[in-house]
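Okay, so here's the structure we're looking at.
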Amino acid sequence: MNTYATVVLAAGKGTRMRSKLPKVLHPLAGLPLLAHVLNAVEAIPSTLSSISQDTSVSTQKPVVVLGHEAKQIEAAFGERCLYALQEEQLGTGHAVLAAQATIDALSPLPQTVLVCYGDTPLVSSKMLATVLYEHITQQATITFLTAITEQGSDFGRVVRDSQERVREIVEMKRATPEQKRIKEVNSGVYCFNREWLWETLHALPRNSSGEYYLTDLVGIAGAQERVITSVNGTLDETIGINDRVQLAAAEQLLRGRILERHMYAGVTIVDPATTYVDDSVSIGMDTVILPGTSITGKTTIGGECRIGPNAIIDASTIGERCIIQGSVIEEAVLEDEVRVGPFSHCRPGAHLAHGVRMGNFGEVKNSYIGAETDIHHFSYLGDATVGEHVNIGAGAITSNFDGKQKHPTTIGDGASIGSDTILIAPVTVGEHAYTGSGAVVNRDVPPYALVVGVPARVLRMLQPSETTNVESDKKE
Ligand code: UD1
Ligand code: CA
């Protein structure tokens, strides 16, 4: 059994982001940068077992090195990681050393220390597992990930000798003009032999930049003729986020990958350039996503839906065969065959049962709307429980807030709420009751009553044949 521990460096100030928010908490495709790195780190053991049947590893929680805004980052990730504090940011080598006590307290004691950076969020578990695998099988002192760059990036350059052996990594700041032209760069993922790592880091001098660079360990291992191996990865995966331009570039890459995953799984994305889908979203087969649509948070969408154009959906559950046009759906549940839009808003706690049709300019908040109910024009339903086959007329609203408190409204099955009715909560409208246009309902309405006026009063009782027949509707 091979044992390893992971150190993720996240103590830097992230000065180039020019932000109050710590760099590793900046969101990328809906998740903080550091969460992407942790996802990849946590998937290493299962990925490694798919690379090699013979190489098994024991894993431990990653150790995240924090400095700036440590408390805020720790609060965001809680028990998911172990934390080490780097009080003063004296460089990446110094940062790894800050994790020594935490790592040496792990049981079993790891043979290998895998180091990656919290600002390199696109690195995949496959890449990390490959570096680890190479390190284990080569019994190397250092194994690190490189990439080939065409344009002038600010990554450290990998210097090799005439026999292609790695000699050192030179940071751009300190590179000679000739070294600056080297296309092979350091991606910032390393495996080290743990004992050698501590011994060498303790002896590492500050370099001419006044910092302790982790990358200088490569030169030291080279001079000691130790085994240094490298794995060549793609540049895309190793994009480092130092500023917001790089953040946007990573966002574009990651979004592209997410959309491709959905397309390969049977989702039509009409215009990938204007479609934004978070990593946490799942979408069923044969759903069509139309332009200008943004789907974020923990959202699940069933199959055969038509979403958009211009739909905004966050943290919601959408059933099968739903149609959502130009509307905003937040923390809501839509069962199968619901139709929303154009221009409607389902706010948190909205639950639209099977077949609900919610039309132009509707708003529903914290309410259950029963199956096959129609809310077609200019309505507001808040804190309401609405039955099946109800018709909510144009401009009808629940007046749920008395200035101090919210109050509930209940509407029974088959009721019909006339245009411009105001339901002053708390109030109940019985099954199959009707309210006339413009009624202001401030008292409960019995089942089958027709109420009209301001304040509403019972005009007469309705015959069942005059009202919506819920049972026969259901059979249609
Ligand atoms: C680093 C590498 C460079 C590589 C690039 C890849 C070094 C010296 N250079 O450069 O070779 O091409 O990453 O992305 O390692 N950090 C701390 N404590 C510190 C300093 C940094 O925790 O004292 C953390 C930062 O928060 C960051 C990571 O280490 O997450 C990398 O530091 P950064 O300053 O971004 O290094 P780069 O200049 O990008
Ligand atoms: Ca960086």
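Values in this document were obtained by computation on a predicted structure and should not be read as measured data. Excluded from the calculations below are hydrogen atoms, water molecules and symmetry mates; all remaining heavy atoms, backbone and side chain alike, are included. One-based numbering, in listed order, for ligands and for the atoms of each.
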inquiry  = By the side chain to side chain donor-acceptor pair (under 3.5 Å) test, which pairs, at least two apart or in different chains, include something from residues 298-312?
reply    = none

Identify all N/O pairs between ligand 1 and the protein with a separation under 3.5 Å and present them as a table of atom names and distances.
| residue | atom | partner | partner atom | Å |
| --- | --- | --- | --- | --- |
| ligand 1 | 9 (N) | E171 | OE1 | 3.2 |
| ligand 1 | 9 (N) | E171 | OE2 | 3.1 |
| ligand 1 | 11 (O) | G156 | N | 3.4 |
| ligand 1 | 11 (O) | E171 | OE1 | 3.4 |
| ligand 1 | 11 (O) | E171 | OE2 | 2.6 |
| ligand 1 | 11 (O) | N186 | ND2 | 2.8 |
| ligand 1 | 12 (O) | G156 | N | 2.9 |
| ligand 1 | 12 (O) | N186 | O | 2.6 |
| ligand 1 | 15 (O) | T92 | OG1 | 2.9 |
| ligand 1 | 15 (O) | Y117 | OH | 2.7 |
| ligand 1 | 18 (N) | Q86 | OE1 | 2.7 |
| ligand 1 | 22 (O) | A11 | N | 2.9 |
| ligand 1 | 23 (O) | Q86 | OE1 | 3.4 |
| ligand 1 | 23 (O) | Q86 | NE2 | 3.1 |
| ligand 1 | 23 (O) | L90 | N | 3.4 |
| ligand 1 | 23 (O) | G91 | N | 2.8 |
| ligand 1 | 23 (O) | G91 | O | 3.2 |
| ligand 1 | 26 (O) | G12 | N | 2.8 |
| ligand 1 | 30 (O) | L9 | O | 3.0 |
| ligand 1 | 35 (O) | D119 | OD2 | 3.1 |
| ligand 1 | 35 (O) | N242 | OD1 | 3.3 |

Side-chain heavy atoms of V115 within contact of V8, under 4.5 Å = no

inquiry  = Under 3.5 Å, is there a donor on one side chain and an acceptor on the other for Y190 and N186?
reply    = yes

query = Would you call L235 and I148 a side-chain contact if the rule is heavy atoms closer than 4.5 Å?
reply = no

inquiry  = Are the side chains of T146 and V231 in contact, using a 4.5 Å heavy-atom criterion?
reply    = no

key: D119 atom (N/O/S) at minimal separation from the Ca ion (ligand 2)   = OD2

inquiry  = Do the side chains of R194 and D104 get close enough for a salt bridge, i.e. N-O under 4.0 angstrom?
reply    = yes

query = Does the shortest distance from the Ca ion (ligand 2) to an N/O/S atom of N242 fall below 3.0 Å?
reply = yes

key: R255/D278 ion pair, N-O < 4.0 Å   = yes

